[in-house]
Amino acid sequence: MAVPLTRHRPLPAPHSVNPEHAYEEMIRLSKEEALLASCLELLEWDEEVCMPRNAVEHRAEQRALLAGMVHDRETDPRYEELLGTVEGSALVSDPDSAAAVNVREIRRAFDKERRMPRRLVEEWARVTAVAQQTWAEARRRDDYAAFAPWLDRIFALARERADAVGYEGARYDALLDDYEPGMTTDRVTSLFAKLRSELVPLVATVRGAPHVTRDVLVRDFPVDRQKLFCEAAAAALGFDMHGGRLDVAQHPFCTEIGPGDVRIALRYDPYDVSQGFFSLMHELGHALYDQGLDASHYGTPMGDAASLGLHESQSRMWENLVGRSGGFWQHFYPRLRSTFPESLNDVAMDVFRREVNHVAPGPIRVNADEVTYDLHITIRFELELALLSGDLRAADLPGAWNELYARHLGVRPANDREGCLQDIHWADGLIGYFPTYTLGNVYAAQLFAAAERTVGPLDDSFARGEFEPLREWLLEHVHRHGMRWPVAELVERATGKGPDPSYLVESLTERYGGSGG
């Protein structure tokens, strides 16, 4: 049953308040709120990278306290007064201006956040802090039963969040909107159905392509040398090492603590160099977006990403359209080979590239090839909907997970560690996040094609070690605009057409349909 959205009418503001002064105060409040939120981001980074295991209960209380304080800032009644003064004034007459964008998005966030009780915000932070550590230990020991009660608690809280915020269609819409504003469950369902109809036959076609064995990758790749190679590659691709850092965590991620502080955490496999490196390429895309945002607008919507789907478009683009290309490896493979001469001296570049691009359905999302990747996301989307509705209990997740993998990908995980315990997202409360990966793939293919029409053949550029043309195009058409436009409009302005999944299907078919990559 749909919960109606609560509509708030702005309170009349005192006539004595000048719109320009009201706007300045509103921006000050927004930036102070962002500073406080960045302290919470730093605590969460520390928790995933280096916090002692026994500190989890104390960290949960720290996070709950800070989350409550951020919520108080986000719902400060002063926002209502200031918005009432600025909205409708000449200051926001140009809808594309920084002022108009900030007012529009601050209003949207304020109206949404004030529907959330502080108690629920604090409990969400407290439960997810403990759940993350429980998940990490459960994954290490392959002990899903230890994590299942926490998953039940998280989805129960998610239902509370959705009902507090309100929604017009499906309950899932309220959670999806946190990551992809304006997106709906029905539209995602339709997109996945279309992609599945195109991708399943492509997987079947490519699956039989000849390839060498995985022995090419399953060799000795000392982690200390992998780290050095990743750091050098990140710097060569444009990551500002003075404004960021690379660390190690159980699950790869990227987080922006603030201007000049963008952090990447990776997970390395000492016997497979591709896992750590492609994780780097994925998180690097996020990092370049964060570093490309206008620092002068930090703490306001104009200094924030338009959506998680657009953010994922950057990570998926650098991971796949750049990192799996022939030109990229023409430039980087000699460096990789010299870093690991004992393991790669007998492996030609085309053999290595064919193997890292090999299409073969498997159980692990982060190791999935481009062609099967979105099928992993459709499975998680289906399970999220069932868990949120209550049709699926956490205790029954492993069986449902394995059944969907058998149906959609023709594989069954050997255990829960490589099955339903593989992702941190639900432990972190990121319900509604998974669809943004596929939306990101859709946006990425379309943006990449538009960039290439403007700057010329990008593969040739990559072969020369020139990554700036793509980076600058993205900075000009995506990064610097922050939340100026809704994602669909931004994509249309950048490419000449609204978001269209056919670019993704055409890109995959062109690159994999004949040769397997």
Side-chain angles (χ1 to χ4, degrees), residues 3-38 67-118 120-121 161-169 173-184 293-294 296-311 432 481-490:
V3 176
L5 292 171
T6 304
R7 305 294 183 184
H8 295 276
R9 296 183 62 186
L11 298 174
H15 293 293
S16 59
V17 180
N18 180 285
E20 286 78 9
H21 293 164
Y23 178 74
E24 289 173 5
E25 183 180 351
M26 185 177 65
I27 294 303
R28 177 182 61 78
L29 291 176
S30 179
K31 291 191 173 187
E32 289 178 355
E33 174 192 315
L35 282 173
L36 185 60
S38 73
M69 294 170 66
V70 171
H71 176 71
D72 288 344
R73 292 269 184 162
E74 290 174 325
T75 58
D76 186 339
R78 183 63 177 152
Y79 271 126
E80 183 68 90
E81 300 172 13
L82 298 170
L83 285 164
T85 299
V86 177
E87 289 171 330
S89 73
L91 195 64
V92 296
S93 58
D94 177 2
D96 292 340
S97 69
V101 172
N102 287 334
V103 169
R104 180 192 74 215
E105 293 300 325
I106 289 173
R107 163 61 75 186
R108 181 180 182 278
F110 174 72
D111 282 351
K112 187 172 184 177
E113 190 65 25
R114 66 176 169 180
R115 300 180 193 127
M116 288 276 292
R118 192 181 201 272
L120 182 55
V121 171
R161 285 174 63 99
D163 291 347
V165 170
Y167 48 91
E168 294 179 343
D173 290 352
L175 305 174
L176 181 60
D177 188 75
D178 286 341
Y179 308 105
E180 197 68 11
M183 186 56 65
T184 67
L293 294 168
D294 189 337
S296 68
H297 286 297
Y298 174 74
T300 75
M302 276 297 296
D304 201 0
S307 77
L308 256 295
L310 196 64
H311 228 306
H481 295 293
M483 301 185 76
R484 189 186 304 276
W485 303 298
V487 174
E489 184 175 351
L490 184 148

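Just so you know, these numbers come straight off a predicted model, no measurement behind them.
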Task: Side chain proximity check, Glu168 to Thr184, heavy atoms < 4.5 angstrom - done: no
Task: Least distance between heavy atoms, Ala164 atom then Met116 atom - done: CB-SD, 4.2 Å
Open item on the list: Minimum heavy-atom separation for Ser307 and Pro181, please, with both atom names.
Closed with: CB-CD, 3.9 Å
Task: Tyr298 versus Ala34, closest heavy-atom pair with distance - done: OH-O, 3.4 Å
Task: Flag, side chain of His297 to backbone of Ala98, donor-acceptor distance under 3.5 Å - done: no
Task: Ionic contact status for Asp111 with Arg115, cut-off 4.0 Å - done: no
Task: Side chains of Glu80 and Arg114 in contact at under 4.5 Å (non-hydrogen atoms) - done: yes
Task: Pro95 versus Val101, closest heavy-atom pair with distance - done: O-CG2, 3.8 Å
Task: Nearest-0.5 Å distance that lies between atom CG in Leu83 and atom CZ in Arg78 - done: 10.5 Å
Open item on the list: Nearest 0.5 angstrom please: Thr85 OG1 to Glu81 CD, how far?
Closed with: 8.0 Å
TODO: Kindly compute the distance separating OG1 (Thr300) from CE (Met302), expressed to the nearest 0.5 Å.
DONE: 7.0 Å
Task: Sequence-distant partners of Glu24, salt bridge (Lys or Arg N to Asp or Glu O under 4.0 Å), two or more places apart - done: none
- [ ] Would you please say whether a donor-acceptor pair under 3.5 Å links the side chains of Tyr23 and Asn102?
- [x] yes
Task: Smallest separation among heavy atoms of Glu180 and Gly309, with atom names - done: OE1-N, 2.8 Å
Open item on the list: With a 3.5 Å distance limit and no angle check, can you tell me whether Ser30 reaches the backbone of Ile27 through a side-chain donor-acceptor pair?
Closed with: no
Open item on the list: Under a 3.5 Å distance rule, please check whether Asp304 uses its side chain to pair with a backbone N or O of Met483 as donor and acceptor.
Closed with: no
Task: Value rounded to 0.5 Å, distance of CG in Asp96 from CD in Glu489 - done: 6.5 Å
Open item on the list: With side chain to side chain donor-acceptor pair (under 3.5 Å) as the criterion, how do Glu33 and Tyr79 come out once you've worked through the C-alpha distance, each side chain's angles and the decisive distance to 0.1 Å?
Closed with: CA-CA 12 Å; Glu33 174 192 315; Tyr79 271 126; 3.0 Å; yes
Open item on the list: Just so I know, are the side chains of Glu87 and Val92 near enough to count as touching, which here means a heavy-atom distance under 4.5 Å?
Closed with: no
Task: Rounded distance (nearest 0.5 Å) linking atom CG of Leu82 with atom CD1 of Ile106 - done: 9.5 Å
TODO: Compare every heavy atom of Val86 with every heavy atom of Ala22, then report the nearest pair and how far apart it is.
DONE: CB-CG2, 3.8 Å
- [ ] Would you please name every residue forming a salt bridge (Lys or Arg N to Asp or Glu O under 4.0 Å) with Arg104, sequence neighbours left out?
- [x] none
Open item on the list: So Lys112 and Asp177, do their side chains get closer than 4.5 Å, heavy atoms only?
Closed with: yes
- [ ] Test Glu113 against Thr75 for side chain to side chain donor-acceptor pair (under 3.5 Å), laying out the working first.
- [x] CA-CA 6 Å; Glu113 190 65 25; Thr75 58; over 6 Å; no
